[in-house]
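Below is one structure, written out as structure tokens; the observations come after it.
Proteins come first, then strands; the chains are lettered A, B, ... in the order of their sequence lines, and each starts at number 1.
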Protein chains: 2
Amino acid sequence: MASIKDVAAEAGVSVATVSRVLNDHPSVSPEARARVLAAVETLGYRPNAVARSLRTDQTRTLGLVISDVMNPYFTELARAVEEEARALGYSVIFGNADERPDLQDHHVRTLLDRRIDGLLVSPTDGGSPLMLDAVRAGTPMVFVDRWIPGVDVPVVRADGRRAIRDLVSHLHGLGHSRLAIIAGPAATTTGRERVEAFRDALRAYDLRLPEDHIGQGDFQAESGRRATERFLDLPEPPEAVFAADNLMALGALDAIRARGMRVPDDIALAAFDDIPWFTHTDPPITAVAQPTGELGRAAVRALVDRIEGRAPRSVTLPARLVVRRSCGEPSPVRRSEP
Amino acid sequence: MASIKDVAAEAGVSVATVSRVLNDHPSVSPEARARVLAAVETLGYRPNAVARSLRTDQTRTLGLVISDVMNPYFTELARAVEEEARALGYSVIFGNADERPDLQDHHVRTLLDRRIDGLLVSPTDGGSPLMLDAVRAGTPMVFVDRWIPGVDVPVVRADGRRAIRDLVSHLHGLGHSRLAIIAGPAATTTGRERVEAFRDALRAYDLRLPEDHIGQGDFQAESGRRATERFLDLPEPPEAVFAADNLMALGALDAIRARGMRVPDDIALAAFDDIPWFTHTDPPITAVAQPTGELGRAAVRALVDRIEGRAPRSVTLPARLVVRRSCGEPSPVRRSEP
DNA sequence: GTAATCCGTGTAATCGATTCCACGGACTCA
DNA sequence: TGAGTCCGTGGAATCGATTACACGGATTAC
């Protein structure tokens with residue numbers, strides 16, 4: 001592959017001049033510029049990003065470490081991140097942590113080795129030493145969706161409290177009073193927060209959330225299935241189940257079907273994170289929708305601000321309830337897709 | 001960040017010795033090795049992958065340019081690719097082409113600029129000059145899922161002919177004889193092949209595939225909806241619709257619902273590409289399932305073979321029919337999930 | 001006892017870019 | 001006319017690694 005030297009030779013100038021043309025530095029004569037451009041053309045020259053990065057100490061690359069690519073919520077997030085990054089002149093390298101702290105560390109490490117300019121993370125756990133070190137060492141970082149408390153890093157996320165209140169109100173209005181939740185891992189902020197918000201909302205209706213109505217999940221479908229089975233084994237099973245993410249809701253649906261029960265007739269179901277497929281399930285599922293795309297874009301903007309020396313802002317966007325048919329006859333509160 | 005020089009100074013040896021320890025070269029004394037390792041530890045040194053790549057001319061990175069990340073089929077493929085690559089000591093940089101040739105070119109270009117060791121592509125179109133140049137220049141490349149005819153690059157893909165024959169047999173057995181297909185873009189191999197396989201299978205039952213029973217789609221949901229609407233507007237609409245990918249099947253489902261019609265009672269529906277959600281739709285959708293994970297892994301192995309100087313093989317794996325309820329009462333041919 | 005071999009180590013070239021500095025020529029201004 | 005500016009350009013240092021080569025000392029072989 002042709003290097004800058006080849007171009008310089010072809011154009012009859014020095015490598016310095018070629019470099020100046022390429023970075024359109026002002027002091028290059030029009031003739032020299034033209035000759036260089038012609039040489040670039042005939043050789044099909046493309047600058048070596050590796051060499052450039054070594055010299056300039058910037059890769060124009062962002063790292064994104066995501067908890068689970070197979071989860072449509074994160075897929076959409078990743079897509080939005082890539083789009084915004086591209087618009088700002090950055091590339092993105094993705095790492096899929098699969099909800100495993102060791103994999104998360106693996107990706108953070110290789111990303112750091114590659115000297116990415118900044119890191120976007122939705123942490124799987126409470127924060128590994130590695131990640132804490134990276135923050136301390138000054139690596140530009142932004143948390144998205146989830147975060148690590150006590151670490152001074154901007155956070156871009158959705159606030160679901162309001163939407164969860166709306167959900168509980170919706171369920172209560174439909175006559176459900178024994179409500180259960182399938183929680184995410186306690187190590188994640190989203191895992192804890194959604195339970196708390198749910199509990200708080202219940203309190204407003206004088207409802208309680210007994211221990212055996214809190215299922216412990218890990219944001220994967222299988223755990224949703226197990227938690228739901230335990231609910232259904234209870235002497236007095238819940239009338240409604242709220243899954244803290246879309247995959248666990250799917251698992252719950254499986255478990256309910258396996259017992260020959262029907263949603264919403266026998267039991268109501270709702271989920272956190274809305275995804276296109278929820279319109280097409282049987283029945284369509286009521287969910288709390290995050291502004292996923294906007295979250296991804298805001299996270300990139302915050303990170304790039306930090307990288308380029310501007311002050312990054314934390315951002316919290318509201319989530320909203322999307323009512324479908326999985327909790328019973330839709331009330332006229334907030335209609336949306338059928 | 002500490003460099004190899006700092007480590008050398010700390011350990012009281014030359015950078016050459018440090019490098020030898022790091023790449024466990026045999027001729028280093030145990031004492032020197034120990035001192036270097038200690039220095040690495042105290043400084044928290046990590047080798048700069050950028051510098052290493054510049055020198056060795058290899059990045060241990062693979063590029064994957066995918067047609068559409070939001071499509072669960074490609075998401076699963078991407079995940080499998082990353083896993084296998086990681087197992088072989090490579091990282092993966094993803095590019096999402098969104099079915100747009102210009103975006104595909106953008107990603108190929110930046111990937112090439114970053115001097116990735118090899119490229120995995122599922123081409124959106126018939127092959128841009130850029131991609132052809134890259135092949136000619138000797139960039140290790142492997143096509144996955146789709147390919148470009150006449151280009152000498154190994155192809156890893158699934159063969160759906162057999163499964164499509166099974167599908168047509170299934171539909172025929174249920175009494176459907178007016179069958180329609182929503183095709184993918186003619187610029188893609190998968191877009192063309194699935195139509196041909198379908199037509200061939202129909203012929204075996206003395207069925208024809210008239211022009212107005214071939215809808216032109218682009219592998220996106222919206223196009224599936226439009227094509228289906230056109231089918232339903234026909235004086236004599238088809239009794240069964242086969243969508244050439246999962247997203248278009250979703251669009252078809254929407255269109256059918258919007259007319260107040262029911263699947264499979266009023267019209268049968270089947271899809272190419274099976275995804276977990278198809279178990280949960282109303283009704284569960286009959287689909288042709290590709291061995292997606294195995295495809296991704298095989299593609300990586302072929303590419304790494306090529307990179308490391310072994311002869312890469314093209315791989316074709318069979319797809320299989322998964323019968324659910326969207327075409328009518330399930331026949332006892334090949335049952336699977338409910 | 002001398003020559004050949006081997007081992008551990010350091011010096012320095014190298015990868016492909018960017019950029020500081022110096023230099024020569026043209027121009028401006030007093 | 002001579003000093004000072006400005007402009008376009010090239011030489012060379014530099015980023016952080018790897019690695020060919022040289023070198024000195026110890027070991028081995030004859």
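If you check distances only, the side chain of A/Arg20 does reach the base of D/dG10 with a donor-acceptor pair under 3.5 Å.
The shortest distance between the side-chain N/O atoms of A/Thr17 and the OP1/OP2 oxygens of D/dG8 is not below 4.0 Å. Contact between the side-chain N/O atoms of A/Thr56 and the OP1/OP2 oxygens of C/dA17 is not found at any separation under 4.0 Å. Contact between the side-chain N/O atoms of B/Ser29 and the OP1/OP2 oxygens of C/dT9 is found at a separation under 4.0 Å. Proximity of B/Lys5 to the phosphate of D/dA17: no side-chain N or O atom is located under 4.0 Å from OP1 or OP2.
Residues A/Glu294 and A/Arg301 come closest through the heavy atom pair OE2-NH2, 2.9 Å.
At a threshold of 4.0 angstrom between heavy atoms, the contacts of B/Asn23 are confined to the sugar-phosphate backbone, with no base atom among them. Among the atoms of the strands shown, none is found under 4.0 Å from any heavy atom of A/Val50. B/Ser19 comes within 4.0 angstrom of a nucleotide base, judged by non-hydrogen atoms across all strands.
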- Query: So A/Asp68 and A/Tyr73, side-chain hydrogen bond (donor to acceptor under 3.5 Å, both in side chains) or not? Walk me through it.
  - Reply: CA-CA 9 Å; A/Asp68 178 13; A/Tyr73 165 70; over 6 Å; no
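Between B/Ala16 and B/Leu54, it is B/Ala16 whose nearest contact on DNA chain C lies nearer the 5' terminus. For the pair B/Arg115 and B/Glu31, both in contact range of DNA chain C, the more 5′-proximal nearest nucleotide belongs to B/Glu31.
Here the side chain of B/Val15 is nearest to one of D/dA17, C/dA17, C/dA12, namely C/dA12.
Straight-line distance from the CG atom of B/Asp24 to the P atom of D/dT18: 11 Å, rounded to whole Å. When rounded to the nearest whole Å, the span between CG of A/Asn48 and P of D/dG16 equals 17 Å. Rounded to a whole Å, the CZ atom of B/Arg52 is 10 Å from the P atom of D/dT19.
Side-chain atoms of B/Asp113 never come within 3.5 Å of backbone atoms of A/Asn48 as a donor-acceptor pair (strictly under, hydrogens ignored). A/Arg60 places a side-chain N or O within donor-acceptor distance of the main-chain N or O of A/Gly89, the cut-off being under 3.5 Å. For A/Thr292 (side chain) and A/Glu76 (main-chain N/O), no donor-acceptor pair under 3.5 Å exists by modelled atom type. Judged purely by atom type and a 3.5 angstrom limit, A/Thr17 has no side-chain atom pairing as donor or acceptor with the backbone of A/Val15.
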- Query: When Watson-Crick pairs (N1 to N3 and N6-O4 or O6-N4) and G-U wobble pairs (N1-O2 and O6-N3) count only below 3.5 Å on both distances, what is the dot-bracket string of DNA chain C, with | for other-strand pairs?
  - Reply: ||||||||||||||||||||||||||||||
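Salt bridge annotation for B/Arg146-B/Glu99: present, with a cationic side-chain nitrogen under 4.0 angstrom from a carboxylate oxygen.
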